[in-house]
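The analysis underlying the following values was restricted to heavy atoms, covering all of them including side chains, and did not include hydrogens, waters or symmetry mates. Starting from 1, each residue takes its place in the sequence as its number.
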Amino acid sequence: MSESQLWNDVDDHFTNLLAPADEILTAALHDSDAAGLPAINVAPNQGKLLQLLAEIQGARRILEIGTLGGYSTIWLGRALPADGTLITLEYDPRHAEVARANLARAGLDKITEVRVGPALETLPKLADENPEPFDLVFVDADKVNNPHYIEWAVRLTRPGSVIVLDNVVRGGAVTDGTSTDPSVRGTRAALELIATHPKLDGTAVQTVGSKGYDGFALARVRA
């Protein structure tokens, strides 16, 4: 058995035991695939982790940067109370259309809002609305702009809020300080920002599984 197959088998075991699929989640993945969206959504056990983090946080307001087909949005939305709010930002209008349909089928359309456009344009507009601080921010968009997304996350949260940054390992390339890959450089810069920002305290964890060799960073906003 190959190492990657072993990772997949372990993920399948964990998922079947602790994060089993339901009709809503399965349909979201099916419709995303049918619409030609890239299969880069979080794994089911990772989605369950996001839900648990939001529940542990007692989140009432969640911001997601990078919607895709709304699969991770569903996991996060399920953690919210009936009067909660989740705003998710998506660059591609076609992806946003699929996500809205998936969220409506999940019964989350009343507490979720998909905003379309480059996040570095929609984030300032969101800030201009002077919204209540977000309790949790999940960043899973283009990696080049990760440092900017972290800065906006800090601005739009409060002391005690949690920020999750996905896909930080880059297959191990994150250790290469000479890399010219924009995604690697953006990720390295975001991690360095978390390490040095006076309002952030964070860590990063590398993972293996159905999504290959990857990982995520977790940060808490300090006073």
Side-chain angles (χ1 to χ4, degrees), residues 42 46-47 49-67 72-73 75-77 79-81 83-91 111-115 117-170 173-177 179 182-207 214-223:
V42 300
Q46 294 167 344
L49 174 63
L50 291 173
Q51 180 180 331
L52 289 172
L53 286 172
E55 290 174 346
I56 292 166
Q57 177 69 356
R60 293 186 63 259
R61 292 178 52 80
I62 296 174
L63 173 64
E64 179 181 50
I65 303 176
T67 315
S72 56
T73 321
W75 282 107
L76 288 166
L80 287 172
D83 61 346
T85 299
L86 193 161
I87 295 176
T88 180
L89 311 179
E90 173 54 44
Y91 174 83
I111 63 171
T112 59
E113 179 186 358
V114 183
R115 299 193 180 190
L120 293 184
E121 294 180 10
T122 53
L123 284 165
K125 293 177 182 177
L126 175 60
D128 287 343
E129 298 170 13
N130 194 29
E132 291 182 43
F134 291 95
D135 305 302
L136 186 145
V137 180
F138 178 46
V139 181
D140 189 13
D142 59 299
K143 312 310 172 187
V144 175
N145 287 309
N146 273 342
H148 301 298
Y149 298 148
I150 295 297
E151 288 280 15
W152 276 109
V154 173
R155 178 173 174 178
L156 292 166
T157 52
R158 57 170 176 77
S161 293
V162 170
I163 301 169
V164 183
L165 176 65
D166 203 11
N167 307 128
V168 300
V169 172
R170 316 307 305 163
V174 70
T175 63
D176 184 2
S179 176
S183 293
V184 173
R185 293 171 66 87
T187 299
R188 284 178 58 88
L191 291 169
E192 290 165 5
L193 178 60
I194 291 172
T196 59
H197 199 293
K199 289 189 175 182
L200 292 177
D201 187 18
T203 189
V205 175
Q206 55 185 333
T207 61
D214 208 336
F216 63 92
L218 183 68
R220 188 170 187 267
V221 181
R222 297 191 289 202

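- The shortest side-chain heavy-atom distance between Asn146 and Leu165 falls under the 4.5 Å cut-off.
- Inter-residue side-chain proximity for Leu86 and Ile111 is flagged as unmet; no heavy-atom pair is nearer than 4.5 Å.
- Using a distance-only test at 3.5 Å, with no hydrogens or angles considered, no donor-acceptor pair links the side chain of Glu113 to the main chain of Thr85.
- The shortest heavy-atom contact between Ser72 and Glu64 is OG-OE2, 2.6 Å.
- In this structure a side-chain-to-backbone donor-acceptor pair under 3.5 Å is present from Thr67 to Leu89.
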List the atom pairs, donor and acceptor, that lie under 3.5 Å between side-chain atoms in residues 197-204 and the rest of the protein, sequence neighbours left out.
residue: His197; atom: ND1; partner: Lys199; partner atom: N; Å: 3.0

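- Rounding to the nearest 0.5 Å gives a distance of 9.5 Å between CH2 of Trp152 and OG1 of Thr122.
- Of all heavy-atom pairs between Ala119 and Pro124, the closest is O-CD, 4.1 Å.
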For residues 129-141, which side-chain N or O atoms pair as donor and acceptor with protein atoms under 3.5 Å away, sequence neighbours left out?
residue: Glu129; atom: OE1; partner: Arg115; partner atom: NH2; Å: 3.1
residue: Glu129; atom: OE2; partner: Arg115; partner atom: NH1; Å: 2.8
residue: Glu129; atom: OE2; partner: Arg115; partner atom: NH2; Å: 3.4
residue: Asp135; atom: OD1; partner: Arg158; partner atom: NE; Å: 3.1
residue: Asp135; atom: OD1; partner: Arg158; partner atom: NH2; Å: 2.8
residue: Asp135; atom: OD2; partner: Arg60; partner atom: N; Å: 2.8
residue: Asp135; atom: OD2; partner: Arg61; partner atom: N; Å: 2.9
residue: Asp140; atom: OD1; partner: Lys143; partner atom: NZ; Å: 3.1

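- Within 6.0 Å of the CZ atom in Arg188, the count of heavy atoms belonging to other residues, nucleotides or ligands exceeds 12.
- For Gln206, the side-chain hydrogen bond (donor to acceptor under 3.5 Å, both in side chains) partners two or more places apart in sequence, or in a different chain, are Tyr213.
- Between Pro81 and Ala59 the shortest heavy-atom distance is CD-O, 3.5 Å.
- Counting heavy atoms from C-beta outward, Ile150 and Ile163 have side chains that approach closer than 4.5 Å.
- Asp176 and Val184 make their closest contact through O-CG1, 4.3 Å (heavy atoms, listed as atom of the first residue, atom of the second, distance).
- Shortest non-hydrogen contact noted between Gly215 and Thr207 is N-OG1, 3.5 Å.
- The minimum heavy-atom distance linking Gln57 with Gly160 is given by the pair NE2-O, 2.7 Å.
- Each of Leu76, Ile62, Asp166 was compared with Leu50 under the side-chain contact (heavy atoms from CB on, under 4.5 Å) criterion, and only Leu76 meets it.
- Side-chain contact between Leu49 and Val164 is absent, with no heavy atoms from C-beta onward closer than 4.5 Å.
- Residues Leu123 and Leu156 form a side-chain contact, since some pair of their non-hydrogen atoms from C-beta on lies under 4.5 Å apart.
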